[in-house]
Amino acid sequence: MKIAPSILSADFANLKDDVEMTARAGAEYLHIDIMDGHFVPNLSFGEPILKAIRPYSKQVFDCHLMVENPEEYIAILADAGADVLGVHYEATPHIHRVLQQIKEAGCKAEVVINPGTPVIVLEDLLEMVDAVLIMTVNPGFGGQKFLPGMLSKIQALNQIKNDKKLDFDIEVDGGINSETIKQCQQAGATIAVAGSFVFNSTDPVEKIQLLHRVTGD
């Protein structure tokens, strides 16, 4: 299972050091939350931060757009070094077109759904995406408690994936720790975002390595 430490919980004053630390710990992904204060009630990173840390990491930059009008950010973030761009189904009436834009910009396309959005709405999009991100908390803030009801959603998505013989990652984000990550993996998840569990500990490297151990990676 791929581990994607979320720098939303990192030490902003020492962001370069924390990014490099996650790579040393074996995390091949880096999760970067981009919030506009409108789609979610919080502000976070944008293009300048992405550009600033890109030279210090060869990790996959997994950018999660919690923004209104996401189509306005695709080209900018792709140029800044994004590898994966995740866009919320709920953020635009033109989700198919936005996913096409992401592909055209040279990035992997990911569609994201909130806890209140059913998997069935994604059915016509699954053949064009590289990943689906299922939010296991309501988006906008780190440190929230995992919503166990989301496990059935992961299972349902994984069943569709297997039935249609599709090849996309199932990513989970929110409340991930050494217990919930195993539950998500058993339900079918292949990538897990971990923020406060990693960065709010006294030994973040050990926490990342623990997540790898419990998922058999």
Side-chain angles (χ1 to χ4, degrees), residues 1-4 6 27-35 39-40 50 59-139 147 149-174 176 181 183-193 215 217:
M1 193 171 194
K2 302 181 187 77
I3 309 302
S6 171
E28 57 185 288
Y29 272 53
L30 194 70
H31 192 77
I32 303 168
D33 288 309
I34 296 167
M35 308 179 190
F39 182 71
V40 292
L50 201 59
Q59 293 160 291
V60 175
F61 276 18
D62 175 27
C63 298
H64 176 191
L65 278 66
M66 287 171 268
V67 301
E68 294 180 356
N69 304 312
E71 56 274 8
E72 297 177 4
Y73 300 87
I74 302 304
I76 294 170
L77 294 172
D79 289 344
D83 296 298
V84 180
L85 289 172
V87 176
H88 274 261
Y89 175 88
E90 306 88 357
T92 173
H94 304 295
I95 186 64
H96 190 282
R97 184 166 66 196
V98 176
L99 293 169
Q100 284 180 321
Q101 283 181 269
I102 294 172
K103 293 278 199 175
E104 290 166 1
C107 296
K108 289 188 176 182
E110 179 174 66
V111 62
V112 188
I113 52 173
N114 286 333
T117 301
V119 166
I120 192 66
V121 301
L122 303 179
E123 192 168 357
D124 293 335
L125 302 171
L126 294 177
E127 291 188 1
M128 69 182 300
V129 300
D130 299 288
V132 176
L133 172 55
I134 293 179
M135 292 300 303
T136 45
V137 298
N138 284 296
L147 297 172
M150 298 303 102
L151 290 171
S152 60
K153 186 180 290 190
I154 300 166
Q155 291 171 335
L157 179 60
N158 191 48
Q159 187 65 53
I160 295 170
K161 174 183 173 179
N162 292 333
D163 289 347
K164 294 193 172 186
K165 296 180 172 56
L166 297 174
D167 182 23
F168 57 83
D169 278 306
I170 298 176
E171 186 169 1
V172 289
D173 181 3
I176 297 300
I181 194 173
Q183 295 173 325
C184 290
Q185 183 185 40
Q186 291 169 343
T190 57
I191 303 174
V193 177
T215 57
D217 186 5

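Numbering of residues begins at 1 and proceeds along the displayed sequence.
Checked by atom type and distance alone, the side chain of Glu90 pairs as donor or acceptor with a backbone atom of Asn114 at under 3.5 Å. Distance alone, capped at 3.5 Å, is enough to place a donor-acceptor pair between the Lys161 side chain and the Phe168 backbone. In terms of modelled atom types and a separation under 3.5 Å, the side chain of Gln59 and the main chain of Leu30 share no donor-acceptor contact. Looking at Thr136, its side chain does come within 3.5 Å of a backbone N or O of Asp173 through a donor-acceptor pair.
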- What's the verdict on side-chain contact (heavy atoms from CB on, under 4.5 Å) for Leu65 and Leu77, showing C-alpha distance, side-chain angles and the deciding distance? CA-CA 10 Å; Leu65 278 66; Leu77 294 172; 3.7 Å; yes
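Partners of Lys108 according to the side chain to side chain contact (heavy atoms under 4.5 Å, CB included) rule, which considers only residues two or more places apart in sequence or in another chain, are Val84, Asp130. Scanning for side chain to side chain contact (heavy atoms under 4.5 Å, CB included) contacts around Ala105 gives Ile74, Ala78, with sequence neighbours left out. Not a single ring pair (Phe, Tyr, Trp, His ring centres under 6.0 Å) links Tyr89 to another residue, sequence neighbours left out. Every residue two or more places apart in sequence or in another chain was checked for a side chain to side chain donor-acceptor pair (under 3.5 Å) with Asp167, and none qualifies. For Glu71, the side chain to side chain donor-acceptor pair (under 3.5 Å) test picks out no residue, with sequence neighbours left out. Contacts of Glu127 classified as side chain to side chain contact (heavy atoms under 4.5 Å, CB included), with partners at least two apart in sequence or in another chain: Leu166.
Across all non-hydrogen atoms, the minimal contact from Cys63 to Ile34 is CB-CD1, 4.1 Å. Closest non-hydrogen pair, Ile170 versus Gly188, comes out as CD1-O, 3.7 Å. Summarising the geometry of Cys184 relative to Ile176, their closest heavy-atom pair is SG-CD1, 4.1 Å, with the distance given to 0.1 Å. Nearest approach of Ile102 to Ala109, heavy atoms of both residues: CG2-CA, 3.7 Å. A pairwise comparison of heavy atoms in Met1 and Gln185 identifies SD-CB, 3.8 Å as the closest pair. Across all their heavy atoms, Val87 and Val98 have their closest contact at CG2-CG1, 3.9 Å.
Using a 4.5 Å cut-off on side-chain heavy atoms (C-beta onward), Ile113 and Val119 make contact. Leu126 is listed as a side-chain neighbour of Leu157, based on a closest heavy-atom distance under 4.5 Å. In this structure, His94 and Gln101 have side chains that are not in contact, with every pair of non-hydrogen atoms separated by 4.5 Å or more. Here the side chains of Met66 and Asp33 are in contact, with some heavy-atom distance below 4.5 Å.
Taken from CG in Asp79 to SG in Cys107, the straight-line distance is 8.5 Å, to the nearest 0.5 Å. Atom NZ of Lys2 and atom NE2 of His31 lie 15.0 Å apart (nearest 0.5 Å). Between the CD atom in Glu28 and the CD1 atom in Ile191 there is a gap of 8.0 Å [rounded to 0.5 Å]. Rounding to the nearest 0.5 Å places CD1 of Ile32 at 5.0 Å from CG of Leu50. To the nearest 0.5 Å, atoms CD1 (Ile160) and CD1 (Ile120) are separated by 5.5 Å. Leu147 CG to Ile134 CD1: the interatomic distance, rounded to the nearest 0.5 Å, is 12.0 Å.
No option in Glu110, Glu171, His88 other than His88 meets the side-chain hydrogen bond (donor to acceptor under 3.5 Å, both in side chains) test with His64.
No more than 12 heavy atoms of other residues, nucleotides or ligands shown are found within 6.0 angstrom of CG on Asp124.
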